[in-house]
Amino acid sequence: MKKKMVLLSVLVALAAGIALSTEAAALLDGPLANGDERFILQNDAFVVAGGVEADTTKDNVEWHEFLVSVPANLVFEVGKSYKVSYDYVIKNVSGEKAKFYHLLRTGGDAKKDKGLEFWSDTAGAKGHKEFTALVDDAGYRLILGVQFGGAIRIEKLKIEVVEKGK
């Protein structure tokens, strides 16, 4: 009977047009959409063709967090390790000091940051970034940002639970 219920559930999901993930451990996998309540887009960032674009080259502020997850809507569970990965294209940089960054943060305590990495590249550069972090406190959120101004597109954002040691 259980096999029939599972098969029936799969058929109902497929008929409804729901995409089933074969990666059971993926918290997020796929293109982003406007109105996705798991994220807040800031600093004039916007979704286009499943990716997020941000341009902070004309802003004189040092820190520009352009994509921030909402902890209530995208929950990083305490005691689990997560791998975050994405592809990027650098559209522009404001100068030599321009850097891009990613991290997981809980509350406003930078001492508890996980996976913090600053990196830079030239306009037109394409690449892939990923980091893995063990969440040891509640309320973590993903932050992608630009320091000192630049323009970037990120796509293929994926967040997955990974087993310890991977």
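We're numbering straight along the sequence, starting at 1. If you're wondering where the values come from, they're calculated on a predicted model, not measured in any experiment.
A distance-only check finds no donor-acceptor pair linking the side chain of N92 to the backbone of A151 [under 3.5 Å]. Judged by distance alone, the side chain of D113 and the main-chain N or O of R105 form no donor-acceptor pair under 3.5 Å. Remark: the backbone N or O of V162 is not paired with any side-chain donor or acceptor of S81 at under 3.5 angstrom.
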> Would K129 and I154 count as a side-chain contact (heavy atoms from CB on, under 4.5 Å) if you check the C-alpha gap in whole Å, the side-chain angles of each, and the deciding distance to 0.1 Å?
Replying inline: CA-CA 10 Å; K129 285 290 178 184; I154 63 120; over 6 Å; no
>> Would K97 and Q147 count as a side-chain contact (heavy atoms from CB on, under 4.5 Å) here? Give the steps.
In response: CA-CA 8 Å; K97 294 191 325 182; Q147 183 184 20; over 6 Å; no
> Does the side-chain contact (heavy atoms from CB on, under 4.5 Å) test come out yes or no for L32 and L67, once each step is laid out?
Replying inline: CA-CA 11 Å; L32 297 174; L67 184 136; 3.9 Å; yes
> When you look at L142 and L157, which way does the side-chain contact (heavy atoms from CB on, under 4.5 Å) test go after all the steps?
Replying inline: CA-CA 11 Å; L142 172 65; L157 178 62; 4.2 Å; yes
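Following chains of ILVMFWY side-chain contacts shorter than 4.5 Å, one can reach V52 starting from F100, so the two form part of one hydrophobic cluster. No continuous path of hydrophobic side-chain contacts links L41 to V89 [ILVMFWY only; heavy atoms under 4.5 Å]. When hydrophobic clusters are built by joining Ile, Leu, Val, Met, Phe, Trp and Tyr residues whose side-chain heavy atoms come closer than 4.5 Å, directly or via intermediates, Y86 is grouped together with V161. In the hydrophobic clustering of this structure, L74 does not group with I143; members are Ile, Leu, Val, Met, Phe, Trp, Tyr whose side-chain heavy atoms approach within less than 4.5 Å, directly or through other members. Side-chain heavy atoms closer than 4.5 Å link hydrophobic residues (I, L, V, M, F, W, Y) into clusters, and following such links, possibly through other members, connects W119 to V146.
Between L27 atom CG and E77 atom CD the span is 8.5 Å, to the nearest 0.5 Å. The distance from atom CZ of R141 to atom CZ of F39, rounded to the nearest 0.5 Å, is 13.5 Å. The CG atom of L103 sits 5.5 Å away from atom CG of L116, with the distance rounded to the nearest 0.5 Å. Note that CG of D136 and OG1 of T106 are 9.0 Å apart. Values are rounded to the nearest 0.5 Å. Atom CD of E160 sits about 8.0 Å away from atom OG1 of T132, to the nearest 0.5 Å. To the nearest 0.5 Å, atoms NZ (K126) and CG (D121) are separated by 12.5 Å.
What you find for S94 and G150 is that their closest heavy atoms are OG-N, 3.8 Å. Counting all heavy atoms, side chain and backbone alike, S85 lies closest to E130 at CB-CB, 3.6 Å. Among all heavy-atom pairs drawn from K114 and A133, the shortest one is CB-CB, 3.5 Å. Contact record, A45 with F66: CB-O, 3.6 Å, taken as the closest heavy-atom pair. Nearest heavy atom pair, residue G149 against residue A98, reads O-CB, 3.1 Å.
The pair K111-D109 does not meet the salt-bridge criterion, since no charged nitrogen lies less than 4.0 angstrom from a carboxylate oxygen.
Residue pairs that meet the ring pair (Phe, Tyr, Trp, His ring centres under 6.0 Å) test with at least one member in residues 131-155, sequence neighbours left out, are H102-F131.
Relative ring orientation between Y101 and W63 is described as perpendicular, the plane-to-plane angle rising above 60° on a 0-90° scale split at 30° and 60°.
With sequence neighbours excluded, the residues satisfying side-chain hydrogen bond (donor to acceptor under 3.5 Å, both in side chains) with T57 are D55. A search for ring-ring contact (aromatic ring centres under 6.0 Å, His included) contacts involving F76 returns Y82, not counting sequence neighbours.
When side chains are defined from C-beta on, Q42 counts as touching V68, because their heavy atoms get closer than 4.5 Å. Residues D87 and E155 are in side-chain contact: their nearest non-hydrogen atoms beyond the backbone lie under 4.5 Å apart.
Only one option out of V93, L144, I90 pairs with I152 in a side chain to side chain contact (heavy atoms under 4.5 Å, CB included); it is I90.
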